[in-house]
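Chain identifiers are assigned alphabetically (A, B, ...) following the order of the sequence lines, protein sequences preceding nucleic acid strands; residue numbering begins at 1 within each chain. Just so it is clear, the values below take in all heavy atoms, side chains as well, and ignore hydrogens, waters and symmetry mates.
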There are 6 protein chains.
Amino acid sequence: MGRQATKFQAGAGRTGGMADSDTVMARFDTPDIDDLPEDLQERIAEETDRAGFTPNIFPAMAYRPSHFRAFFAYHDALVEETALEREEVEMIIVAVSGVNDCLYCIVAHGALLRIYADAPKLAEQVAANHRTAEINETHKAMLDFAVKLTESPARIEDEDLERLEEHGYSRRAIWDIGSVAAFFNLSNRLAQLADIRPNDEFYNLGR
Amino acid sequence: MGRQATKFQAGAGRTGGMADSDTVMARFDTPDIDDLPEDLQERIAEETDRAGFTPNIFPAMAYRPSHFRAFFAYHDALVEETALEREEVEMIIVAVSGVNDCLYCIVAHGALLRIYADAPKLAEQVAANHRTAEINETHKAMLDFAVKLTESPARIEDEDLERLEEHGYSRRAIWDIGSVAAFFNLSNRLAQLADIRPNDEFYNLGR
Amino acid sequence: MGRQATKFQAGAGRTGGMADSDTVMARFDTPDIDDLPEDLQERIAEETDRAGFTPNIFPAMAYRPSHFRAFFAYHDALVEETALEREEVEMIIVAVSGVNDCLYCIVAHGALLRIYADAPKLAEQVAANHRTAEINETHKAMLDFAVKLTESPARIEDEDLERLEEHGYSRRAIWDIGSVAAFFNLSNRLAQLADIRPNDEFYNLGR
Amino acid sequence: MGRQATKFQAGAGRTGGMADSDTVMARFDTPDIDDLPEDLQERIAEETDRAGFTPNIFPAMAYRPSHFRAFFAYHDALVEETALEREEVEMIIVAVSGVNDCLYCIVAHGALLRIYADAPKLAEQVAANHRTAEINETHKAMLDFAVKLTESPARIEDEDLERLEEHGYSRRAIWDIGSVAAFFNLSNRLAQLADIRPNDEFYNLGR
Amino acid sequence: MGRQATKFQAGAGRTGGMADSDTVMARFDTPDIDDLPEDLQERIAEETDRAGFTPNIFPAMAYRPSHFRAFFAYHDALVEETALEREEVEMIIVAVSGVNDCLYCIVAHGALLRIYADAPKLAEQVAANHRTAEINETHKAMLDFAVKLTESPARIEDEDLERLEEHGYSRRAIWDIGSVAAFFNLSNRLAQLADIRPNDEFYNLGR
Amino acid sequence: MGRQATKFQAGAGRTGGMADSDTVMARFDTPDIDDLPEDLQERIAEETDRAGFTPNIFPAMAYRPSHFRAFFAYHDALVEETALEREEVEMIIVAVSGVNDCLYCIVAHGALLRIYADAPKLAEQVAANHRTAEINETHKAMLDFAVKLTESPARIEDEDLERLEEHGYSRRAIWDIGSVAAFFNLSNRLAQLADIRPNDEFYNLGR
């Protein structure tokens with residue numbers, strides 16, 4: 001057979017042979033954590049303590065320290081000042097990231113969804129197609145909205161918000177659903193711009 | 001909060017509350033295996049022995065015994081008379097199923113890809129976006145072709161086949177790549193027509 | 001005028017000058033029928049007898065004898081074990097092939113549709129746009145479903161099947177509608193992969 | 001079986017049962033030819049003499065006499081002051097109408113293409129997919145351009161015109177190619193707005 | 001910084017450095033007005049008198065005098081024999097041109113819309129997204145229809161026309177709405193083919 | 001004529017009659033500025049001083065004070081720590097917002113682009129179609145990238161970044177281009193979720 005060997009070695013390179021298990025992001029140099037401003041070092045240390053490893057999004061976003069600060073401030077705001085349960089936030093993230101085909105966000109937030117919802121199969125279901133996921137009608141409506149705001153934001157009309165209200169969501173909760181979906185339309189594109197690699201640990205968390 | 005409880009009970013229903021871990025397919029009655037023609041019963045018994053459980057595609061396809069026979073005959077032909085390695089076949093299946101957003105095929109063949117390629121992270125990478133998967137350039141070209149044949153078959157031109165030849169694939173191998181991609185454009189749609197549910201076992205095989 | 005002559009000679013070549021009236025498929029070598037396994041030779045002889053010529057799909061699929069057997073076994077199952085009239089099967093095929101822009105299937109099954117429905121204008125109408133074809137509301141609903149399963153299979157929901165039931169289709173008939181549509185999402189892609197050429201005879205049959 | 005009879009009677013109604021072989025357009029009242037301004041009556045008489053029947057586009061466009069005059073003046077300009085052969089004009093029309101799924105234009109101009117190119121199979125090939133039609137590379141490039149201008153006009157760039165020049169088309173011929181494609185983006189939409197029905201005669205002309 | 005200066009000089013070139021404020025169209029030679037047939041010279045003189053400058057569409061279309069005559073005859077018919085108010089005609093034009101991303105038509109007809117509707121903000125609203133424009137429900141329905149006929153003409157069905165009737169539009173008005181939308185699917189593509197440049201004057205008219 | 005009056009009164013309502021010149025956002029209640037946390041009041045006062053009016057994005061985002069803080073911190077980071085000129089930032093914003101059809105961002109940042117680039121026609125050109133805007137090849141490449149990251153982020157590949165490097169952009173500048181594009185994929189969706197209305201002042205600034 002004329003083509004090169006097809007075996008998959010452990011640590012075999014991604015396209016171009018650059019990425020392996022130690023790669024944070026494939027398209028930009030990762031900053032040395034020791035050289036970062038102190039507040040970034042502290043946040044990274046905290047996250048590393050919490051997770052037991054350093055999720056790659058943290059050193060990646062440190063490429064521009066001012067971007068790092070704003071990005072995580074926004075993320076924190078979305079999970080702290082919200083009418084949504086944390087597992088609802090993660091469902092939205094995985095659905096949006098599935099539509100946008102973003103590997104890092106599907107894998108990292110898939111792990112968080114498994115953990116927060118205590119539902120080991122849910123992440124793969126929602127990432128594949130939220131319409132066939134094992135969720136109730138209320139969450140189906142929530143994800144229909146998040147997916148529409150992702151795929152065709154210019155077509156959002158008043159009726160779309162009213163449909164969510166019929167499912168019991170307040171206007172304030174609708175703001176939060178839309179904000180999480182919108183924020184991950186940012187996050188997905190950053191991860192895809194830089195080709196941020198999911199840490200190996202994420203693949204198995206919460207199973 | 002006005003909406004119904006958001007907790008995820010074990011076995012909580014899919015949309016409409018119909019599907020749980022015992023559901024084979026959500027939209028058609030599953031035939032009783034004891035009532036099936038003998039050759040179907042035998043094939044199902046063999047598959048159950050091999051896997052340790054009965055993959056839901058088998059009882060689902062038995063809805064029409066003549067369809068069952070032809071479907072698995074085609075599947076068997078594609079993995080038996082081929083210029084491709086088995087892990088290549090499974091990579092194509094997962095990439096095509098990812099593009100088509102087919103839950104059953106992503107989960108079931110994701111398990112097979114992990115096993116045949118001995119690569120526990122590969123299935124999620126290929127299902128999310130083959131362009132950021134940890135594969136070599138040859139397989140990247142193979143999946144580019146399979147994805148194009150899936151998304152815009154009318155735009156396949158001679159140059160697309162020539163590009164695969166430059167990567168070392170023979171014409172015969174190109175037939176096989178295209179045939180696997182084409183067959184899963186059938187399989188995905190059958191699974192989506194019937195809403196065939198992945199067996200719980202598939203989610204964790206090969207990790 | 002600087003460009004080459006624009007006249008259309010009989011038998012003038014397709015792009016690249018390769019295809020003419022004798023070409024079976026433009027991108028793969030057609031096997032010599034005498035070298036094929038006996039069961040393939042028999043099937044081809046039967047089809048040639050029935051049609052008065054050898055439809056190109058038969059020698060094309062013989063490129064891989066095991067694929068030939070499975071492909072036609074599936075095709076036969078779809079027209080033999082079905083709740084649909086044969087002209088309904090052909091309507092679905094032509095509609096799906098029109099959406100996928102598959103020349104071979106539009107021309108070959110267009111001929112069959114003209115014959116089975118005894119409706120000489122129907123094939124061109126359904127291939128162009130089933131929404132403006134001279135068909136009744138029941139068949140319009142059937143083709144709406146087949147086209148949706150072709151264009152956006154991940155968006156099929158329970159309501160789509162219920163709409164067909166309102167038009168009098170049983171669940172079993174819905175399985176058959178979906179299976180024909182799914183199978184031609186395979187067939188179209190094989191014909192487009194290989195650039196299978198419609199036999200000249202098909203263009204005029206049934207007019 | 002619960003659904004209504006599936007046979008196709010001669011003259012069976014289109015969706016809604018309105019259209020039959022005598023219908024000019026399904027969504028607007030056709031004006032009485034005797035009531036039309038004299039110049040329209042004359043043009044219609046001429047066309048009827050030439051074709052042996054009255055192509056439905058003429059009485060349909062007479063719905064607004066001022067539109068009739070301008071529409072056919074434009075059409076006449078496109079075929080009279082042009083660097084293109086008439087069969088090239090008809091090829092562009094059929095390709096554009098195929099992309100837009102316009103039944104009237106595919107059938108009526110398919111007939112003209114068969115006649116002007118003296119090529120009985122060409123219309124169905126170009127309507128299905130110009131990429132697999134039996135045409136030379138020059139015409140392939142011409143249709144690539146017409147199809148791009150139809151599908152994604154905002155993406156036309158200087159390089160697209162330069163590619164046509166490499167195939168021997170003058171700038172003036174490119175204007176004509178683009179103008180025919182643009183005009184049928186108008187014509188297709190008028191025919192689809194009104195659901196103009198192709199005359200029965202068109203289906204068989206030139207075969 | 002390694003890249004060339006980023007300042008925007010007055011009159012700085014478009015891509016390729018060809019276009020400036022005097023450019024009529026970037027891809028074809030503009031005919032010398034003195035060399036044109038007398039009727040074209042007269043029409044151009046009239047338009048120049050009316051506007052105070054020569055809108056570039058006039059010298060551009062004079063590239064083919066027969067096309068010029070037919071194009072403006074059609075345009076005149078659409079604004080003269082119509083059930084629509086002139087500001088409705090211009091709203092449709094701007095909405096369609098916005099969907100097609102046609103710079104010339106957005107800018108030139110945006111000016112006309114501001115003037116005829118006496119609404120200085122309306123053009124930018126309708127060009128961006130008619131769904132969030134400050135228009136009433138009747139005009140929203142009118143533009144929904146024009147946009148659908150632009151984006152997916154093959155999906156227009158009887159129900160679309162009936163919805164307009166519910167908003168008070170007669171069939172004759174619907175013909176006119178559809179005709180304006182269809183004509184600007186022609187006009188947009190001509191302007192995009194030739195890269196016709198909006199005159200500087202249009203940007204500020206009616207503000 | 002059966003439909004309601006078509007005149008456009010000053011201040012006439014948007015769809016549903018809700019929005020007028022005083023509306024901040026059509027779908028959520030705007031918070032009373034006096035009730036906001038002091039840091040928000042201060043930022044709003046500063047912005048009002050600078051612009052001479054209060055851009056609606058500020059009271060809109062104050063719907064969730066924690067979101068307000070993070071959103072503007074990110075925005076500030078993008079314009080303060082960057083390898084891009086401010087007019088380049090605004091060009092990216094207008095191009096992305098044009099693709100996403102976001103009225104607020106097109107109008108508000110269109111004004112900023114006119115001002116920072118000192119180019120009164122540029123905003124409408126870039127919003128309509130960056131491919132026909134009067135920009136140099138370097139900026140054309142920059143906007144090609146921003147638009148691709150917006151429309152099909154999963155298709156970004158190494159070659160896309162390399163093309164920007166060929167135009168003189170450093171990796172660091174590419175990060176900034178991508179980050180601005182990504183952030184406005186968030187901002188556009190927030191504005192579309194809430195239907196934030198552009199202040200009247202923005203329409204004319206910088207002309």
### Query
Measuring from D/N188:CG to E/L186:CG, what's the distance to the nearest 0.5 Å?
11.5 Å

### Query
So do E/I156 and D/R189 actually touch side chain to side chain, heavy atoms under 4.5 Å?
no

### Query
Top residue by heavy-atom pair count (under 4.5 Å) with chain D, among E/A194, E/P153, E/A73?
E/P153

### Task
Counting only heavy atoms closer than 4.5 Å, note whether E/L78 contacts chain D via side chain, backbone, both or neither.
both

### Query
Going from CE on D/M61 to OG on E/S179, what distance comes out if it is rounded to the nearest 0.5 angstrom?
6.0 Å

### Task
Count the heavy-atom pairs under 4.5 Å between each of E/A182, E/S152, E/A191 and chain D, then report the option with the highest count.
E/A182

### Residue pair E/E81 / D/P65: nearest heavy atoms and the distance that separates them
OE2-CD, 3.6 Å

### Message
I'd like to know whether CD of E/E38 has more than 12 heavy-atom contacts from other residues, nucleotides or ligands below 6.0 angstrom.
### Response
no

### Task
Kindly state each residue pair satisfying salt bridge (Lys or Arg N to Asp or Glu O under 4.0 Å) with at least one member in residues 97-110 of chain D, sequence neighbours excluded.
none

### Summary
chain D shares the most heavy-atom pairs under 4.5 Å, among E/L193, E/D29, E/I177, with E/L193

### Task
Please state whether the side chain, the backbone, both or neither of E/T82 comes within less than 4.5 Å of a heavy atom of chain D.
backbone

## Note on the structure
Rounded to the nearest 0.5 Å, the CG atom of D/D195 sits from the CG atom of E/D158 at a distance of 7.0 Å

#### Entry: For chain E, the option from D/F71, D/F72, D/F183, D/F145 that forms the most heavy-atom pairs under 4.5 Å
D/F71

### Task
Quick one: closest heavy-atom pair of D/R172 and E/R64, and the distance?
CG-NH2, 3.1 Å

### Task
Output the option from D/A154, D/A181, D/S187 having the highest count of non-hydrogen pairs under 4.5 Å with chain E.
D/A154

### Task
Specify whether E/Y74 and D/H67 have parallel, tilted or perpendicular ring planes, treating 30° as the upper limit for parallel and 60° as the lower limit for perpendicular.
tilted

### Task
Check for a donor-acceptor pair, side chain of D/R171 on one end and backbone N or O of E/R27 on the other, with a separation under 3.5 Å.
yes

## Note on the structure
Interface check, chain E: of D/L161, D/D160, D/D76, D/N100, most non-hydrogen pairs under 4.5 Å belong to D/L161

### Task
Sequence neighbours left out, what pairs pass ring pair (Phe, Tyr, Trp, His ring centres under 6.0 Å) with at least one residue falling in residues 27-49 of chain E?
D/W175-E/F28, E/F28-E/Y63

